[in-house]
Amino acid sequence: MGARPAWDRQVNLVQAISLLIAFTLLAGVGGLLAAGLVLPAVAALKGSAGVTATAFDALPAQLDVKAVSEKSTMLAADGTILAEFYAEDRKAVPLESIAPIMQQAVIATEDKRFYHHGGIDPTGMLRAVARNASGSDTQGASTLTQQYVKNVLIESALRDGDRAAAADAREAEGTEGYGRKLREAKLAVALENNNSKDQILEGYLNIAQFGIAVYGAESAAQRFFSKPASELDYLEAATLAGVTQSPTKWDPIKNPEASQSRRDVVLGLMLEQGFITADEHARGVATPLGDSLRPAASKLSCMAAGDQVPGSGYFCDYVTKIIKNDPTFGETVDDRLELLYRGGLTITTTLDPREQALADAEVKNGIPVDDPSGVSSAISVVEPGTGRVTAMAQNRVYNNTSEAPARQTATNFNTDTGYGGSSGFAPGSTFKPFTLLQWLREGHTLDEVVDASPMSYPIRAFAAPCRRVGTEIYRFGNAEGSASGPMTVLDATRNSVNSAYIAMATKLNLCSIMEGAASLGIVQGGNGKPFDPLPANVIGSQSVAPLRMAAAFAAFSAGGVYCKPVAITNVTMPDGSQLPVPDAACSQVIEPPIAAQLNYALGNVWEGTGKSRGARPSPASGKTGTTSHNEDTWFVGYNTLRSAAVWVGFSEGFIPVQNMMINGKQIKYTYGATIAGPTWVRYMDQAMEGRPVPGFGAVGRVVMAGHAVAVPELVGHGLDEATAMLQSAGFEVVVGDPIPSHTGEGTVGAQDVTGTAQMGSTITLRPSDGSAPPDRSASLPDAEDG
């Protein structure tokens, strides 16, 4: 606690009592205004009591009344209340919004001469001083105006973080207690001189405490009777009016028997003052308190959000982190939290309750919360073209307490660390579209052929001018698509062939791939930096948050327009004014023709790694993702209305999801189409039900295929000659292993592409070993359903 005010060091207990008596006497004889502002009669006492006029003058003469602390309310997009946030549960309302009987009950209980005094009650104060000085029970004798002053001083001190000042405003004993009384009295007189009685009563009814953590008549009416203060009846008003004397002792929910007894006392006071009839009094005291109570469920904090909209606690928490982190809401973190918990904000969010309920149900249908496997799953949903987050769920229960049981947590799997999340998860093959983006930007095409045979490359084969290149060998495997050999980029995308995409990366700038991904918000979840320009990241080795993936793929749908995820549409202050909110900053990041090609290529997933999900009822594109040993699996998909990312894995670490029972099924290897894909399909089919879903823009054949040229027939030609001819025609050449052939040894025995192909395609030549071919045929294995 800090040092006491200077006034308390100028007087002792006798002097403080003398000064308070002098003030009270003068107020009763010479007028309140003179006593409150000048107190000339104090000089008569200074000889015997040693009190100086300076000590009195040091007391404040004007009350600095600030806006009271009010609770903030978070709403879903349709106005559903998700949660409330407050240091004090209060909603300020004008006096006309408080039932007259509530006003009368408070006056009867706290200050029956309220409309007849000028701020203090001299008779009551002198009586209280005499009893306190004689050692009898301490009496307050504070008028309603003085009580209002006390509450304002406490509230102001708490808002300023001054605990010493707040304690001083509460002090009831000794020199400090009399000093507090005198300060209240002086301020009360000044307040009455400048404000009407109704203004003071309104202020009191909005600032006073009416229960444990409940402040103001409006919040109290809602908390205990589930109705606004304007609709309170006399029995409810008596209950609330009785609470303020001791908010914990008389709290109707915590101490109903004591509260009923106190209510009956208030009913007696209301009868004495003529505010209720004898019949009403008799019926009131005969009514059990429980018959009138209609407690409203607490909506405090994001732990209550799930009771309003299923699974919305994590989205709610995400919104609070936006407010905490974004300078839009204040210069410092403390300023932003003060605004949230005391500013009385109405925060309207982007959450769609129907979509949220579907997302929560389907992510838990994929893997139940209590599934013995312990595998986690999460889904983020974003609207293309706006960045609005319409749903966010995971197969956990939101719980931000330190005693949260298993499968309950405040960690949000959908977001980055700074927004209540983990550090993200390895995206696996869902990162491939960003390599495809750079592929198309550099003039390559979907029909271009690459050799997917090599499973290792020297690091120097990759261009990365922004990073020092090593000398080691990069080795990898195919996690989803097992096909190899020459194939088009379209086939490589459809079947998610790692070796094809690594081959593509050798023709590109790795730095440009990662920069392109970063322009779409794809950065490392742990530090917010772009992915490192390493070949391993072409197939998604570093970690990213699901929400970022959903927003990035939404840009493909929106014709290349990327929008940062946004969760807040507007914030309204208690006076109706609007605060600025974080902007989605939508911008054209991808050239529209390239976005169209991406949509076309990713639309083939339903014939490739996602073929087990079947054809879609409306146009949709997407990508499966699986890390090397099935640790993280994904499906990120979209149509023109929604983009959704589903992740499955162990949130605790990079642990293989293999050979285990999940949701009652024995699963050997988990791929992107095993759990994540079906979850996406179930969610999207229901979310889009009854809604027309426009298709993506058409992709012209010339745009998609690029410039096809004739491929020379080279079987029987010398290997060097054939290589030169292909290179001069604009192709790249790979020489494969020798094969039996009727052509001479060392000549071209076979080529993998004939007819036409796009310039830049890779043509594989197989030299003859000079022997006749055997009479049999071979075929490549089918790609696995990832």
Side-chain angles (χ1 to χ4, degrees), residues 435 439-440 442-463 473-476 478 481-495 497-509 535 701-702 704-781 783:
T435 296
W439 176 266
L440 297 171
E442 293 192 15
H444 297 283
T445 65
L446 296 175
D447 280 359
E448 195 167 320
V449 175
V450 294
D451 185 6
S453 300
M455 303 302 288
S456 66
Y457 289 86
I459 291 295
R460 63 177 180 273
F462 300 92
I473 300 295
Y474 171 60
R475 295 180 174 83
F476 58 93
N478 282 327
S482 60
S484 61
M487 64 183 67
T488 66
V489 169
L490 186 62
D491 284 338
T493 304
R494 176 188 295 117
N495 295 313
V497 183
N498 286 352
S499 53
Y501 264 79
I502 295 298
M504 291 163 61
T506 63
K507 301 182 180 183
L508 303 173
N509 181 339
R701 181 64 188 173
V702 173
M704 188 196 77
H707 300 286
V709 298
V711 179
E713 293 284 351
L714 300 170
V715 174
H717 287 253
L719 197 58
D720 291 341
E721 176 191 11
T723 298
M725 291 175 65
L726 288 172
Q727 290 175 340
S728 65
F731 299 108
E732 295 193 17
V733 181
V734 170
V735 177
D737 296 332
I739 60 171
S741 172
H742 291 295
T743 64
E745 184 178 1
T747 62
V748 176
Q751 63 186 86
D752 65 330
V753 179
T754 58
T756 61
Q758 279 62 55
M759 292 181 62
S761 292
T762 299
I763 310 296
T764 301
L765 302 178
R766 306 289 293 276
S768 171
D769 65 3
S771 64
D775 187 17
R776 60 183 177 84
S777 61
S779 60
L780 292 173

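Residue numbers start at 1 and run along the sequence shown. Atom set for the values below is all heavy atoms of this structure, side chains included, hydrogens, waters and symmetry mates excluded.
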Backbone N/O of Val449 and side chain of Thr488: donor-acceptor pair under 3.5 Å: no

Would Val497 and Met487 count as a side-chain contact (heavy atoms from CB on, under 4.5 Å) if you check the C-alpha gap in whole Å, the side-chain angles of each, and the deciding distance to 0.1 Å? CA-CA 10 Å; Val497 183; Met487 64 183 67; 3.8 Å; yes

Which atom names give the shortest non-hydrogen contact between Thr764 and Pro486, and what distance separates them? OG1-CG, 3.6 Å

If you compare all heavy atoms of Gly749 against all heavy atoms of Val715, which two are closest, and at what distance to 0.1 Å? O-CG1, 3.9 Å

Just wondering, do Pro767 and Thr747 contact through their side chains at under 4.5 Å, heavy atoms? no

Ignoring hydrogens and geometry beyond distance, is a side-chain donor-acceptor pair present between Ser453 and Asp451 at under 3.5 Å? yes

Please report the closest heavy-atom contact between Ala452 and Ser499, naming both atoms and the distance. O-OG, 2.6 Å

Stepwise side-chain contact (heavy atoms from CB on, under 4.5 Å) test for Leu719 and Val748: CA-CA 6 Å; Leu719 197 58; Val748 176; 4.1 Å; yes

Regarding Lys507 and Glu442, does a basic nitrogen lie under 4.0 Å from an acidic carboxylate oxygen? no

Which heavy atom of Pro712 sits nearest a heavy atom of Gln751, and at what distance? O-NE2, 3.1 Å

Under the side-chain contact (heavy atoms from CB on, under 4.5 Å) rule, what do Tyr474 and Ser456 come out as? Steps first, then yes or no, please. CA-CA 5 Å; Tyr474 171 60; Ser456 66; over 6 Å; no

Locate the shortest heavy-atom distance separating Val733 from Leu765; write the atom from each residue and the value. CG1-CD1, 3.9 Å

Evaluate the side-chain contact (heavy atoms from CB on, under 4.5 Å) criterion for residues Phe462 and Leu508: first the C-alpha distance (whole Å), next the side-chain angles of each, then the deciding distance (0.1 Å), finally the verdict. CA-CA 8 Å; Phe462 300 92; Leu508 303 173; over 6 Å; no

Looking at Asn478 and Asn498, would you say the former's side chain and the latter's main chain have a donor-acceptor pair under 3.5 Å? yes

Between Trp439 and His444, what is the ring plane arrangement, given parallel below 30°, perpendicular above 60°, and tilted in between? parallel

